[in-house]
Protein chains: 2
Amino acid sequence: MFRQGDAARAVFNVLDGEVRLARFGEHGEELVLQRARPGDFFAEASLDSGRYHCNAIASEEATLLEIPAAALRELLDTDARFARQWVALLARQLRNARARLERLSLGGAAQRVRHYLVTEGRGPEFEVALTGSLKDLAKELGLAHETLYRTLARMKESGELERKGAALKLKTRRQRV
Amino acid sequence: MFRQGDAARAVFNVLDGEVRLARFGEHGEELVLQRARPGDFFAEASLDSGRYHCNAIASEEATLLEIPAAALRELLDTDARFARQWVALLARQLRNARARLERLSLGGAAQRVRHYLVTEGRGPEFEVALTGSLKDLAKELGLAHETLYRTLARMKESGELERKGAALKLKTRRQRV
DNA sequence: CGTCGCATTGATATCGCTCAAATCCGGTGG
DNA sequence: CCACCGGATTTGAGCGATATCAATGCGACG
C-alpha cells in the first residue's frame with residue numbers, strides 16, 4: 001500500500017482481509033508493528049508527522065477504506081463524537097503497544113509466552129485462538145521459531161499449557177518463585 | 001502518585017520534576033514504560049479504560065497538574081483545538097512506543113545502541129545528551145547495565161562511537177554488511 | 001571519613017540463536 | 001488416486017552473546 005518514508009496522504013480502515021504494518025531491518029528481516037484486521041484502522045499515528053513510518057503490506061486480498069488526511073482533519077474538527085472515538089482508538093493502540101513493550105522486555109521465552117497469554121487471552125484460563133502460524137507468533141514474541149516450539153513443548157509437558165488445535169490455554173496459575 | 005489497578009480518576013501533566021511510569025515484574029524488577037518530564041502528559045491512555053495500567057513514581061520532587069477525567073472529557077467534547085492537540089499527543093506517544101518496540105526487537109546490544117542513537121539523536125552525528133544514568137539507559141534498551149558498559153566501550157574502541165561526558169555521538173555511518 | 005550508588009572490568013553459566021535434518025500437511029498436477 | 005512440492009512444525013547439536021555474580025574504583029554527600 002505504501003512504503004516507509006512516503007508522504008502521509010491518508011489513513012486507512014480495513015474492510016476485509018489483512019494488512020501487516022512492518023519495517024525491515026538491514027538484512028531483510030521483517031518486524032511486524034501491527035496486524036490490521038477487518039474494522040481496524042492503520043497509519044493513524046503517521047497522520048500528524050507527515051510521513052509514513054513503516055510499510056503497509058497486504059498479505060492477502062484486502063479491501064480498504066482510504067481516508068484522505070484532509071478529510072480526517074476535517075472530521076476531527078467538526079464531529080465531536082468522531083473525535084472522541086478517534087482518541088479512544090489511539091489510546092487503545094497505545095496501550096497495546098505498551099503491552100508488547102512490556103512483553104519484549106521480559107527475559108526468558110516462557111515468561112513472554114505467559115505474558116502473551118495473560119494479556120491477550122480471554123477467560124479464566126487465558127485462552128487464545130491462534131490466527132496465524134506459530135512462526136508468526138514467534139515473531140510477535142521476538143523469538144526464533146525453534147525457541148517458541150521448544151518452549152511450548154516444555155510448558156505443555158510440565159502441564160502449564162494446553163494446546164487444542166489453534167487454541168492455547170494456561171492451565172496452572174503462575175507460581176511463586 | 002497512583003498504582004496499577006487503581007481507578008483512573010485523572011490525567012496528569014508534569015510542570016516540574018520527573019515522573020516514571022513503570023510496571024513491576026514478579027521479582028520486583030522495574031520496567032519503565034515512560035519517563036514524563038516537564039511539559040509531558042501521562043496516564044493519557046488509561047483514561048478510556050477506567051483503570052491505570054502502571055505505577056506512577058516521582059523519582060524526585062515534582063509538581064504536577066492534575067486534570068480530572070471528567071474535565072478532560074468535557075474539554076475534548078467542547079474545544080476542537082484542544083482535541084486536535086490531544087490527538088497529536090497520542091499519536092506522538094504511539095510513534096515513540098513503536099520505535100521502542102522496534103528497538104527491543106533487535107538482536108545484539110550494539111544494534112540497539114545504534115537504533116537508539118539514530119532514532120533519538122539529533123544532527124548529522126545523531127548526538128544524544130544523556131539525561132539519567134547509564135543504568136537507566138540500559139533499562140530503556142532492555143540490557144543489563146554491564147552489557148551496555150561493555151558495548152559502549154567496544155564501540156568507542158572501534159571508533160564508531162564518541163563519548164564526551166553526557167553526550168554520545170555516532171562517528172561512522174552504519175556499514176553495509 | 002564512611003557510606004552509598006554509579007561506573008567499570010573479570011569470570012562463568014545459561015539461554016536462545018543458528019545451522020541442520022526429519023516429518024507432517026495441504027495443495028497441485030498428472 | 002497418487003506423486004510431488006513448499007511451507008510449517010518439530011527435534012538435535014553447538015556456539016556465542018548476554019545475564020549473572022563478584023570485585024574494585026570513584027565521586028557525592030552527610
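Throughout, a chain's letter reflects where its sequence line sits, starting with A, and its residues are numbered from 1. What you are looking at is a predicted structure, and each value in this text was computed from that prediction instead of being measured. Hydrogens, waters and symmetry mates play no part in the numbers below; they use all other heavy atoms, side chains included.
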Where the side chain of [X] is concerned, which of [options] is the nearest nucleotide?
X        : options                : answer
B:Arg150 : C:dA11, C:dC19, C:dC6  : C:dA11
B:Thr147 : C:dC17, C:dG10, D:dA19 : D:dA19
B:Ala144 : C:dA7, D:dA19, C:dC19  : D:dA19
B:Leu143 : C:dG16, C:dA20, D:dA19 : D:dA19

Take the protein atom [atom1] of [X] and the nucleotide atom [atom2] of [N], then report the distance between them rounded to whole Å.
X        : N      : atom1 : atom2 : answer
B:Leu148 : D:dT20 : CG    : P     : 15 Å
A:Asp136 : D:dA8  : CG    : P     : 8 Å
A:Leu137 : D:dT10 : CG    : C1'   : 16 Å
A:Gln111 : C:dC15 : CD    : C1'   : 13 Å
B:Leu141 : D:dA19 : CG    : C1'   : 15 Å
A:Tyr149 : C:dA22 : OH    : P     : 18 Å
B:Lys135 : D:dA19 : NZ    : P     : 14 Å
A:Glu146 : D:dT9  : CD    : P     : 12 Å

Any side-chain N or O of A:Arg163 below 4.0 angstrom from OP1/OP2 of D:dT10?
yes
Are any of B:Ser133's side-chain N or O atoms less than 4.0 Å away from OP1 or OP2 of C:dC6?
no
Treating A:Tyr52 as the side-chain partner and A:Arg9 as the backbone partner, does any N or O pair qualify as donor plus acceptor under 3.5 Å?
yes
Before accepting this row, confirm whether a basic side-chain N of the pair A:Lys171/A:Glu162 lies closer than 4.0 Å to the acidic partner's carboxylate O.
yes
Within the structure shown, what part of the strands sits under 4.0 Å from A:Gly132 by heavy-atom distance: base, sugar-phosphate, or nothing?
nothing
At under 4.0 Å between heavy atoms, what does A:Gly107 touch on the DNA or RNA strands: base, sugar-phosphate, or nothing?
nothing
Residues B:Arg98 and A:Gln93: side-chain donor-acceptor under 3.5 angstrom
yes
For B:Leu94 and A:Glu44, which heavy atoms make the closest approach, and how far apart are they?
CD2-OE1, 3.4 Å
Check A:Ser46 against A:Ala8 and note the closest heavy-atom contact, atom names and distance.
O-CB, 3.8 Å
Want to settle it: does A:Gly142 or B:Leu134 sit nearer the 5' end of DNA chain C, counting the closest nucleotide to each?
B:Leu134
